[in-house]
Amino acid sequence: MDFYKRVTLVCQHIPEGRAATYGQIALLCGKPRNARQVGYALNRGLAGERAPAHRVVNAKGILSGAAAFESHDMQKLLLEQEGVAVAMTPDGWRVELKRFGWDHTLEDALWFRAEFEKRGI
DNA sequence: TACCTGACATAAT
DNA sequence: CATTATGCCAGGT
């Protein structure tokens with residue numbers, strides 16, 4: 001199982017205008033306890049250029065990876081550009097997951113599982 | 001091998 | 001809500 005390739009595939013399917021959490025992606029990749037590795041993958045560019053890393057936030061909705069972008073407010077701008085409201089809080093910029101979180105379905109999860117199998121990753 | 005680090009998560013307080 | 005403690009696990013040194 002190639003965890004990072006799975007991360008790439010899942011990230012590429014996060015809908016525009018929505019934000020996914022590290023834990024959610026790890027779960028969809030079949031490794032529910034590897035949330036930190038999702039962050040590692042994005043930070044090191046292991047998910048490729050095509051993966052919308054700006055749509056990935058932590059469980060509280062904080063843009064914890066903002067510092068890894070070209071400019072410190074790039075992630076915020078990219079999100080706002082697709083309609084996601086970002087507010088400044090004591091912890092940093094945050095999106096309301098209640099409104100902009102990616103509520104993936106069971107079907108999504110099953111599709112990914114099948115796709116991993118099909119691609120042998 | 002042993003220890004440290006980190007784009008994390010969750011339960012307890 | 002906020003703060004703390006624990007668990008987690010791939011990578012790097």
Side-chain angles (χ1 to χ4, degrees):
Chain A
M1 104 107 79
D2 190 326
F3 184 71
Y4 298 130
K5 283 186 179 175
R6 290 187 175 194
V7 170
T8 299
L9 182 64
V10 173
C11 286
Q12 290 177 337
H13 285 268
I14 301 172
E16 187 177 333
R18 314 245 92 191
T21 68
Y22 298 95
Q24 177 178 21
I25 292 172
L27 177 66
L28 288 172
C29 287
K31 290 285 183 180
R33 292 157 294 183
N34 284 40
R36 303 188 82 135
Q37 277 55 233
V38 173
Y40 175 83
L42 296 176
N43 184 38
R44 295 304 189 89
L46 301 180
E49 296 295 314
R50 311 210 348 171
H54 64 282
R55 296 183 190 139
V56 185
V57 301
N58 72 18
K60 294 180 351 188
I62 303 297
L63 280 52
S64 52
F69 288 73
E70 293 190 9
S71 92
H72 201 279
D73 55 351
M74 184 52 75
Q75 183 173 15
K76 169 179 180 285
L77 296 175
L78 289 171
L79 283 168
E80 294 178 330
Q81 183 175 295
E82 43 189 75
V84 177
V86 181
M88 178 50 102
T89 74
D91 290 335
W93 286 307
R94 185 179 67 192
V95 306
E96 280 186 43
L97 292 177
K98 284 295 186 185
R99 295 195 296 161
F100 302 104
W102 176 28
D103 50 342
H104 74 266
T105 65
L106 172 59
E107 273 115 9
D108 291 326
L110 295 176
W111 184 85
F112 282 122
R113 193 172 71 175
E115 201 65 17
F116 297 150
E117 176 66 26
K118 184 186 302 179
R119 303 188 181 200
I121 62 177

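Side-chain atoms are counted along with the backbone in the values below, which use heavy atoms only and exclude waters and symmetry mates. In what follows, chains are A, B, ... by sequence order, proteins preceding strands, each numbered from 1.
- Looking at residues two or more places apart in sequence or on another chain, you find a side chain to side chain donor-acceptor pair (under 3.5 Å) between A:E115 and A:R119.
- To the nearest angstrom, C1' of C:dG11 lies 12 Å from CZ of A:R36.
- When the P atom of C:dC8 is taken as reference, atom CD of A:Q37 falls 13 Å away, rounded to whole Å.
- Atom CG of A:N34 and atom C1' of C:dG7 are 13 Å apart (whole Å).
- Residue contacts for A:A59: at a heavy-atom cut-off of 4.0 Å it reaches the sugar-phosphate backbone alone, with no base atom in range.
- Within the 4.0 angstrom heavy-atom criterion, base atoms lie near A:F69.
- An OP1 or OP2 oxygen of C:dC8 is reached within less than 4.0 angstrom by no side-chain nitrogen or oxygen of A:Y22.
- Around the CZ atom of A:R94, the shell of radius 6.0 Å holds no more than 12 heavy atoms that belong to other residues, nucleotides or ligands.
- Bracketed by its first and final contacts, the part of DNA chain B lying under 4.0 Å from non-hydrogen atoms of chain A reaches from B:dG6 to B:dA9 in 5' to 3' order.
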For this session: I would like to know whether A:L63 and A:L79 meet side chain to side chain contact (heavy atoms under 4.5 Å, CB included); could you show each step before the answer?
Result: CA-CA 10 Å; A:L63 280 52; A:L79 283 168; 3.9 Å; yes

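- Base engagement by A:A53 is indicated by at least one non-hydrogen atom pair under 4.0 Å involving a base atom.
- A:N58 comes within 4.0 angstrom of the backbone, heavy atoms only, and of no base.
- Between A:H13 and A:W111, the angle of the ring planes lies from 30° to 60°, which puts this pair in the tilted group.
- Taking atom OH of residue A:Y40 and atom P of nucleotide C:dC8, one finds them 21 Å apart after rounding to whole Å.
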Exercise. Going through the distances and angles, do A:V10 and A:F116 end up as a side chain to side chain contact (heavy atoms under 4.5 Å, CB included)?
Worked result: CA-CA 10 Å; A:V10 173; A:F116 297 150; 3.9 Å; yes

For this session: Verify side chain to side chain contact (heavy atoms under 4.5 Å, CB included) between A:H104 and A:Q24, making sure each step is shown before the conclusion.
Result: CA-CA 9 Å; A:H104 74 266; A:Q24 177 178 21; 2.9 Å; yes

